[in-house]
Novice: 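Below: one structure in structure tokens.
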Amino acid sequence: MSSNKGVETPPMFEEFIKEAMQRVKKTYPFDKIERKWQKYWIKKRFFKVDIKDFRNKYYCLVMFPYPSAGLHVGHGRNYIIGDVVARYKMMRGFNVLTPMGWDAFGLPAENAAIKDKTHPKKHTFNNIKTMKSQLKEWGACYDWSREVTSCQPDYYKWTQWIFLKLFEKGLAYRKKAFVNWCPSCNTTLANEQVIQGRCERCDTPVTQKDLEQWFFKITDYAERLLSDIDKLRNWPERVKIMQKNWIGKSLGVNIHFPVVGSDKVLTCFTTRVDTIFGATYMVLAAEHPLLEEFIKDVKNRDEILEFVEEVRNESKIKRSQLDVEKKGIFTGRYVINPVNNKKIPLWVANYVLMEYGTGAIMAVPAHDQRDFEFAKKYRLPIKVVIVPVLEFETFHLWKRTASLTRAHEDDGIMVNSGQFNGLSNRKAVRRIADFMQKNGIGHRTIQYKLRDWLISRQRYWGAPIPILYCNRCGIVPVPEKSLPVLLPTAVKAKPRGESPLKDSKKFVNATCPKCKGKAGREIDTMDTFVDSSWYFLRYISSRLNNKPFEKEDVDRWLPVDQYIGGVEHAILHLLYSRFITKVLFDSDFISFDEPFMNLFTQGMIIKNGAKMSKSKGNVVSPDELIKSYGADTVRLYTLFIGPPEKDAEWSDRGAEGAYRFLGRVWRLVERITQSLRAPTKSERSNLNKIASSPEFILSESEGAPRNDSLRRKTHQTIKKVTDDLEKGFHFNTAISAVMELVNEMYIAIEKKEITHDILREAIKIVVALLSPFVPHIAEELWQRLGGTPSILKENWPSFDKNLILDETVTIPVQINGKLRSKIEVTPGIDKEGLKEKVLSDEKTQNYLKNLTVKRWIIIPNKLVNIVAANK
RNA sequence: GCCGAAGUGGCGGAACUGGCAGACGCGGCGGCCUCAAAAGCCGUUGAUCGCAAGAUCAUGAGGGUUCGACUCCCUCCUUCGGCACCA
């Protein structure tokens, strides 16, 4: 059947070849095995937890996913790590809770639904179905009986309940303010959702809008959220630092400046009171509430207002650009510097923010670069009040001021500052603050960068805010018994800058629970980060109808023992969850005030140097890989790719390597199990070509010398893998340790230097150590080795302390720090013995021939270094 | 600009409190098996010099501490992440 010229191979045939190739390439029947054991785990309910049995509890939590169209191998990393931890802890005897759910409200589903002209709910549930089967295919196991879905009324009822609790405590409030607005998503955004002036979701530059909105008063918790970071011993340092920076605490002084010709006083915040004598003007933010009053009699009022309007309209991104030119205008007013009663001009400028401090600053151009640039531009006076220590005696101040090319922001000695002259500026900070407090000029205060959490969203797919507006009673919370406030289904979701819920008359028109009169419902929905800020509590009591959770159970199971997720949530989700936990703690709904004691953030998996994304076309789908290599291979490679906290580049070749290794383990077990019985005739004739014939092992297992080195290696591997898992998430090195052991087993068999009992011990341990990583093949091999399923019920292997030390150690011998020889000694050898050994070493003697030994550095069991000089 | 992390073979990465740099894997090269391939197995693989024994150089760059530095200290460069006119 030679191929004829010009005749193309029929596609059917190609398929056939491809399939045949697959079959040949397959080194073990992973597909059957994986299906078998996935069914088995579900049937036996290994992951189902009785919440009342909290002895030895271990709450292993993976950040619940947003239901998107499908998962790629990068997402998989998160679930695989979680699954490894859960399985390992089970083998260590813990009662492991590992739940899963869906962060199911949110914009992408809504946008996709608008595009497809379907309902976001349909979209969401389709995605959940897909992702759920993907998780199962990965072999990631959860207690599905606790599944939560945040867009379901039985869940968001309690999200609304949490809103009411915050409202009762005055922690949920409504105010009119300039808020972040994404013109593309047509909704407001929390401060945390603005990334470098752009929308976190769609990257559109964020603008400011003056709106009446709901906020959570997270700023009341700023101090506790900051100081309790110290409790989080096992959080990545970088996440803690990010949170600290986000909260942004500064100690300083509020100084009061009387306004000339007015009874008003302007207060400004500064961390540098030491520079107060150098304040040569004062600046207000364009949004400052007193500004209009101050300028009402000024000649160029219209000009100033025009400027203010211009600044207000600038987008946040434009205003935050570093190189944006500083602009300002004199208000015609003056204020009095309270420390020296000097009159200084009052300006308004684009470089002062209303959101931070008081929206007014004292400008010290000599010691603040921003003020310096502004003063140079508008020819405002620059007055030096701090000079570098070295220049204090020698430098003439007038000269220095004139020659100043940039602000002197560093420490130094006080000058031109009245009674404080000659002090170090650090000391002056304290002295001047004391002086101000005593004289009522100012007072010490603390500022945070953290802003209150804006939670209103003008979008459809979210939990309705449970609030009513009554003409008579004003703002009225929906009574608890009337929850949930159901999200109406028959609403066109299309965003237009106002919540689409407005269209549903049935939804909007309500009765006031207080006066029974007519009332309108709040039409905005809640930020989805509210949904995810408490889901870890709901898992404990996910089917409870009359309460969000059972306090007794939650108190027993939380804080979460291990939380695993992406670092992209370092601020948003993790900060909000900590906040809500503290609020619930303060109201005695729970007895702990930090939700997650141990946090692990895994790195991204990238492809071709970039984050996987559909638009870049570099997404690696697990489905294909699982089909050709099996889930265990995908799991093993994902864990082996590198340290899990770091980003890693995906390589298909690397995945093949993982597959080869599993094949090697598979064949190793085959050899060992086959060697247990005499081969049948047909086996004999089939196998006699192959080196691994059963006779091979049988014959050498009788008279072979006991090979302790493999036993040692086996026990050392147990120690290494256990340490790697206990001390951190060092999956990559744990796996390579097992690979080493497997390699040694092959070598031992090849050299016929092994007895069967040692080999059997080793292979059982290999399978057990691998089982958290590659559970399907491990279960199968365990069974084939005569173990009773499931391996999850086995104890994690323990090692024999006597076996982890090598029989002999190789000690490197250095001369002047350079490796010159190696000697074999017994481990416990003392210094003198070691020295003797080294001196009798031929190679070393050679090197020492022309040298005089000056010093011996002997580190027992480690190395010998001889310090020597030429004769 | 500030804060943080990281720079090690062709590649992903090892190296516990300062003690044999390059474990393990990928890729490459050579071989075995085979009619041939696939799969598998064995060997080899940092660079330079050398027939070889071996020598020299190598952990971003440059200094320093030390008997000894990937590891500690100083200066600098590069990459990534966070914050950013925060007073």
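No hydrogens, no waters, no symmetry mates; every other heavy atom, side chains included, goes into these values. Just so it is clear: chains get the letters A, B, ... in the order the sequence lines come, proteins before strands, and each one is counted from 1.
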Novice: Could you tell me how far B:A53 sits from B:A21 if I compare only their C1' atoms? Round to whole Å.
Specialist: 23 Å
Novice: Could you check if the base of B:G46 is syn or anti? Syn means the glycosidic torsion is within 90 degrees of 0.
Specialist: anti
Novice: Got a donor-acceptor pair under 3.5 Å from the side chain of A:Asn865 to the base of B:C67?
Specialist: yes
Novice: Mapping A:Thr270 and A:Val864 to their closest nucleotides on RNA chain B, which lands nearer the 5' end?
Specialist: A:Val864
Novice: Starting at NZ of A:Lys249 and ending at C1' of B:A87, how long is that distance when rounded to a whole Å?
Specialist: 18 Å
Novice: Do any pairs count as a salt bridge (Lys or Arg N to Asp or Glu O under 4.0 Å) and have a residue in residues 634-643 of chain A, sequence neighbours left out, and if so which ones?
Specialist: A:Asp83-A:Arg635
Novice: Please give the distance between the P atoms of B:G12 and B:G19 as a whole number of Å.
Specialist: 25 Å
Novice: Are A:Arg855 and B:C67 close enough that a side-chain N or O sits under 4.0 Å from OP1 or OP2?
Specialist: yes
Novice: Would you please classify the geometry between the A:His256 ring and the A:His443 ring as parallel, tilted or perpendicular, with 30° and 60° separating the classes?
Specialist: tilted
Novice: Give a yes/no on whether any side-chain N or O of A:Arg667 is located under 4.0 angstrom from OP1 or OP2 of B:C41.
Specialist: yes
Novice: Of the nucleotides B:C16, B:A87, B:A14, which one has an atom closest to the side chain of A:Pro643?
Specialist: B:A14
Novice: Is the shortest heavy-atom distance from the side chain of A:Tyr378 to the side chain of A:Tyr281 under 4.5 Å?
Specialist: no
Novice: What N/O pairs connect the protein and nucleotides 23-26 of chain B at under 3.5 Å? Give each pair on its own line.
Specialist:
residue, atom, partner, partner atom, Å
B:A23, O2', A:Glu740, OE2, 2.9
B:G25, OP1, A:Asn743, ND2, 3.3
B:C26, OP1, A:Arg660, NE, 3.1
B:C26, OP1, A:Arg660, NH2, 2.9

Novice: To the nearest 0.5 angstrom, please state how far the CG atom of A:Leu574 sits from the CH2 atom of A:Trp246.
Specialist: 14.0 Å
Novice: Any heavy-atom pair between the side chains of A:Ser736 and A:Phe640 that's under 4.5 Å?
Specialist: yes
Novice: Which value, in whole Å, describes the distance between the C1' atoms of nucleotides B:C49 and B:U59?
Specialist: 22 Å
Novice: State whether a side-chain donor-acceptor pair under 3.5 Å links A:Asn254 with A:Thr267.
Specialist: no
Novice: Could you check whether A:Lys837 pairs with A:Glu824 (Lys NZ or Arg NE/NH1/NH2 to Asp/Glu carboxylate O, under 4.0 Å)?
Specialist: no
Novice: I'd like to know if the side chain of A:Asn618 and the backbone of A:Ile606 have a donor-acceptor N/O pair within less than 3.5 Å.
Specialist: no
Novice: Distance check: side-chain N/O of A:Lys240 vs OP1/OP2 of B:A5, anything under 4.0 Å?
Specialist: no
Novice: Taking side-chain contact (heavy atoms from CB on, under 4.5 Å) as the criterion, tell me which of A:Leu232, A:Leu599, A:Ile229 meets it with A:Val239.
Specialist: A:Leu599
Novice: For B:G18 and B:C24, measure between their P atoms and round to the nearest Å.
Specialist: 25 Å
Novice: Is a side-chain donor or acceptor of A:Gln243 paired with a backbone partner of A:Leu226 at a separation under 3.5 angstrom?
Specialist: no
Novice: Might you list the N or O atoms of the protein lying below 3.5 Å from N or O atoms in nucleotides 69-76 of chain B, with each pair's distance?
Specialist:
none

Novice: Using a cut-off of under 3.5 Å, enumerate the N/O to N/O pairs linking the protein to nucleotides 43-47 of chain B.
Specialist:
none

Novice: Using the P atom as the point on both nucleotides, what is the distance between B:A61 and B:C51, in whole Å?
Specialist: 31 Å
Novice: Please give me every residue in residues 721-729 of chain A whose heavy atoms get under 4.0 Å of an atom in RNA chain B, ordered by residue number.
Specialist: none
Novice: For the pair A:Tyr351 and A:Phe374, name the ring-plane relationship: parallel under 30°, tilted 30 to 60°, perpendicular over 60°.
Specialist: tilted
Novice: For A:Lys607 and B:C11, what is the distance between atoms NZ and P respectively, to the nearest whole Å?
Specialist: 18 Å
Novice: Whole-Å distance between B:C67 C1' and A:Leu863 CG?
Specialist: 10 Å
Novice: If you take atom types as modelled and just measure distance, does the side chain of A:Lys449 reach the base of B:C83 with a donor-acceptor pair under 3.5 Å?
Specialist: no
Novice: Pick the C1' atom in B:U17 and in B:C70, then give their distance to the nearest Å.
Specialist: 16 Å
Novice: Please report the interatomic distance CG(A:Asn816) to CG(A:Asn865), rounded to the nearest 0.5 Å.
Specialist: 7.0 Å
Novice: With side-chain contact (heavy atoms from CB on, under 4.5 Å) as the criterion, how do A:Ile571 and A:Asn245 come out once you've worked through the C-alpha distance, each side chain's angles and the decisive distance to 0.1 Å?
Specialist: CA-CA 10 Å; A:Ile571 295 169; A:Asn245 290 343; over 6 Å; no
Novice: Charged N to carboxylate O below 4.0 Å: is that the case for A:Lys377 and A:Glu325?
Specialist: yes
Novice: Restricting to side-chain contact (heavy atoms from CB on, under 4.5 Å), what partner residues turn up for A:Arg238, sequence neighbours left out?
Specialist: A:Pro236, A:Val567, A:Thr601
Novice: Give the rounded distance in Å between these two atoms: CZ of A:Arg671 and C1' of B:G40.
Specialist: 10 Å
